[in-house]
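The structure under discussion appears below in the form of structure tokens.
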2 protein chains.
Amino acid sequence: MEGRMAYLDRNPGIDIAQRTAVFGTAVADEVPSLAAFGAKTSHFKPHEVVYYEGDPADRIFELAKGSVMLFKLLPDGRRQVVEVLRPGDIFGIPAGKEQNCTAETLTDAKVNVVDMNHIAGSPDFQRQITRCLAAQMQVLHEHAVLLGRKSAMERVASFLMHLVPDRGGTECAGPSETGGDTRQLKLFMTRQEIADYLGLTIETVSRVISEMKRRGLITVERNDEIRLNKVCAMCQLTGKH
Amino acid sequence: MEGRMAYLDRNPGIDIAQRTAVFGTAVADEVPSLAAFGAKTSHFKPHEVVYYEGDPADRIFELAKGSVMLFKLLPDGRRQVVEVLRPGDIFGIPAGKEQNCTAETLTDAKVNVVDMNHIAGSPDFQRQITRCLAAQMQVLHEHAVLLGRKSAMERVASFLMHLVPDRGGTECAGPSETGGDTRQLKLFMTRQEIADYLGLTIETVSRVISEMKRRGLITVERNDEIRLNKVCAMCQLTGKH
DNA sequence: CGATCGGTTGAGTTCCCTCAAGTTAGGTGG
DNA sequence: CCACCTAACTTGAGGGAACTCAACCGATCG
């Protein structure tokens, strides 16, 4: 009814599970750490499901390499991507007995998995989890502002700036840089996934990107590869300045 | 520009701080627990600020009694309430060195405060934090779906249903109840605060509430006191069924 | 070379926002 | 006790940003 074009319509025949999980924020490219706690490592191809919403939540996952998204579905098929994870992020920690999101890979991914009880006793690990959850929380706060208060243009600009390390943050490095105020980005997400992350439709995302092209802010090298021609100008569009 | 009517326009002369924190989910009415770790207890009146975005984040807060909201502001004054806390919730745990939200009371409130280092060593407490953060995370996921994918009517219905314990959840108690499918709710929030929580304008919230009145779903006893006449029907409007 | 998949573009509509003018409920003081 | 004031909320009219539906485009692949 009030819904945007539904995920379930696009993907007929999907059986939905239900309820309980988590997500993150991080930096590096390959990170070991749960390994120390006797984790098993699993490998995934792009667009494979790590777990479904409603699966029993008795293990802790750590993204070691690649990219994973967490999303929730409404019964009529509307989808919201609630977090996009990067290497180092911990996920799958439940509040109840079941996962509350579905976790699906965006790229090839390496995931460390440990049984919950296995590490419940380690203070070191508890501290690490706390740190990680707090960081993820902060990202979720930021995202709530985006979803609740930003225009389509601001959402897409914010999304792109999040992919630029060391820019747009508290102490932005500024456009210094040898070679001008420009950056090459790899998206790892389809327009549909971006739309479901930003609370928009695929058409709106496409239109905004076209508008940015028209203004000379970006060059679309490939569908999943964008060159920011004016990083600072893009940053101005995020609504944070 | 693309912004909704701005918080700063409504509250001229407010000086904004900036950056880093957290929030929650809970149950009881008065909860001690940090007390065991030598916490100091502070009392607050309604609409007092516990800390500002940008304040140094070196303490942990636990809401013992009352209600607190966390919000973020954009520079042009748009506000997003990112979490509404209940007794038992822990907040103020930073990802960086600064709070990333402003914390403001909604009601009279009692808050336990402990120095960060004071409890860093306790595994018991670490575990409790993890549990609490995971629960808050789940609420944030849910809220992202609301902000990204739900209509105004669905948002308000979801908001009201969140105030009804034991209903609308995974295993809803159903309309059994002695005395019919009805419930009295106290809001503790103004229309403006509700709007800023749900990513709407005050006018839209007001219109939706009026529409619910017209349909006989609710009776507005006072501005901050609403009677749900048909809890199940309200639940149907949340988009989760 | 047609088929398919992901993305773009256009036309029309709708939901919610903006602006502006009421209305109501409390509180205060004459 | 009533007139007045203010703050919070409601209601209306109009407009615009983003949605829906539908057609089209371009790249990749068997």
Side-chain angles (χ1 to χ4, degrees), chain A residues 1-7 9-12 46-47 74 76-80 106 146-157 187-214 218-226 237 239, chain B residues 1-7 9-12 46-47 76-80 106 146-157 187-196 198-214 218-226 237 239:
Chain A
M1 43 184 57
E2 295 92 344
R4 294 67 180 153
M5 207 300 198
Y7 177 78
D9 296 341
R10 305 186 308 261
N11 304 49
H47 296 102
L74 291 173
D76 64 0
R78 281 174 284 177
R79 181 172 74 158
Q80 180 65 43
L106 293 169
L146 181 148
L147 293 173
R149 291 299 179 211
K150 289 189 180 179
S151 71
M153 179 69 72
E154 290 172 327
R155 293 183 200 203
V156 174
L187 299 188
F188 298 120
M189 294 170 87
T190 65
R191 295 287 183 274
Q192 185 63 61
E193 285 156 356
I194 295 171
D196 285 347
Y197 183 45
L198 301 182
L200 300 170
T201 59
I202 186 173
E203 293 96 332
T204 298
V205 170
S206 187
R207 273 185 252 273
V208 169
I209 289 179
S210 294
E211 175 61 22
M212 287 175 169
K213 253 192 292 189
R214 227 168 288 128
I218 61 173
T219 308
V220 178
E221 317 266 348
R222 294 173 15 150
N223 275 338
D224 63 345
E225 221 171 292
I226 286 182
L237 290 177
Chain B
M1 46 182 51
E2 295 93 343
R4 294 69 180 148
M5 209 302 198
Y7 177 78
D9 296 342
R10 306 186 309 260
N11 303 50
H47 296 104
D76 63 0
R78 282 174 284 177
R79 179 172 76 156
Q80 179 65 43
L106 292 170
L146 181 147
L147 293 174
R149 291 299 180 212
K150 289 189 180 179
S151 70
M153 179 69 71
E154 290 173 329
R155 293 182 199 202
V156 175
L187 299 187
F188 299 120
M189 293 170 87
T190 65
R191 297 285 183 275
Q192 185 62 62
E193 285 156 356
I194 295 171
D196 286 346
L198 301 182
L200 300 169
T201 59
I202 187 174
E203 294 96 332
T204 298
V205 170
S206 186
R207 273 185 252 274
V208 169
I209 288 178
S210 295
E211 174 62 22
M212 287 175 169
K213 253 191 292 189
R214 227 166 290 129
I218 62 174
T219 308
V220 178
E221 316 268 348
R222 293 172 17 143
N223 275 338
D224 64 344
E225 222 170 290
I226 286 182
L237 289 178

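Because the structure is a prediction, the values reported are computed rather than measured.
A distance of 4.5 Å separates OG1 in Thr201(A) from CD in Glu203(A), rounded to the nearest 0.5 Å. Note that the CD1 atom of Ile226(A) and the CG atom of Asp224(A) stand 9.0 Å from one another [nearest 0.5 Å].
Atom pair Glu225(B):CD and dA8(D):C1' shows a separation of 16 Å (rounding to whole Å applied). The nearest whole Å value for the distance from the CG atom in Leu187(A) to the P atom in dG6(C) is 15 Å. The NE2-C1' distance, from His47(A) to dC5(C), rounds to 13 Å in whole Å. Here dC5(C) presents its P atom at 21 Å from CE of Met189(A), a figure rounded to the nearest Å. The separation between Arg155(A) atom CZ and dA17(D) atom P is 14 Å, rounded to whole Å. Put simply, NZ on Lys213(B) is 15 Å from P on dT23(C), counting in whole angstrom units. Per the geometry, CG belonging to Asp224(B) stands 9 Å off P belonging to dC9(D), to the nearest Å. Taking atom CD1 on Ile202(A) and atom P on dA22(D), their separation rounds to 17 Å, with Å as the unit.
Between Ile218(B) and Ile209(B) the shortest heavy-atom distance is CD1-O, 3.6 Å. Scanning both residues, Gly239(B) and Leu74(A), for their nearest heavy atoms gives O-CD2, 3.7 Å. Arg79(A) and Tyr7(A) get closest at one heavy-atom pair: NH1-CE1, 3.0 Å. Across all their heavy atoms, Lys150(A) and Glu154(A) have their closest contact at CA-OE1, 3.4 Å.
For Glu225(B) (side chain) and Leu187(B) (main-chain N/O), no donor-acceptor pair under 3.5 Å exists by modelled atom type. In this structure a side-chain-to-backbone donor-acceptor pair under 3.5 Å is present from Ser210(B) to Ser206(B).
Between dA17(D) and Thr204(A), no contact under 4.0 Å exists linking OP1 or OP2 to a side-chain N or O.
The side chain of Ser206(A) lies closest to dT8(C) when the candidates are dC19(D), dT10(D), dT8(C). When each of dT10(D), dT8(C), dC16(C) is scored by its nearest atom to the side-chain atoms of Ser151(B), the top-ranked nucleotide is dC16(C). Side-chain proximity of Thr201(A) to dT10(D), dT8(C), dC19(D): nearest is dC19(D).
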Tabulate protein N/O versus nucleotide N/O from nucleotides 12-16 of chain D, keeping only pairs under 3.5 Å, one per line.
unit_1: dG12(D); atom_1: N7; unit_2: Arg207(B); atom_2: NH1; d: 2.8
unit_1: dG12(D); atom_1: O6; unit_2: Arg207(B); atom_2: NH2; d: 3.2

Pick out the pairs of N or O atoms, protein on one side and nucleotides 25-30 of chain D on the other, that lie under 3.5 Å.
none

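Residues Asn223(B) and Arg191(B) have side chains in contact (heavy-atom distance under 4.5 Å, counting atoms from C-beta outward).
Just one of Leu146(A), Leu237(A), Val208(A), Ile194(A) meets the side-chain contact (heavy atoms from CB on, under 4.5 Å) condition when paired with Arg155(A); it is Leu146(A).
Residue Thr190(A) is in sugar-phosphate contact alone, with no base atom involved, counting any heavy-atom pair closer than 4.0 Å across all strands shown.
Taking the C1' atoms of five terminal pairs at each end of the helix from dC1(C)-dG30(D) to dG30(C)-dC1(D), the two resulting helix axes are inclined by 20°, rounded to 10°.
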Determine whether Glu193(A) and His47(A) satisfy the following criterion, side chain to side chain contact (heavy atoms under 4.5 Å, CB included), listing intermediate values before the conclusion. CA-CA 11 Å; Glu193(A) 285 156 356; His47(A) 296 102; 2.8 Å; yes

Stepwise side chain to side chain contact (heavy atoms under 4.5 Å, CB included) check, Arg149(A) with Leu147(B): CA-CA 9 Å; Arg149(A) 291 299 179 211; Leu147(B) 293 174; over 6 Å; no

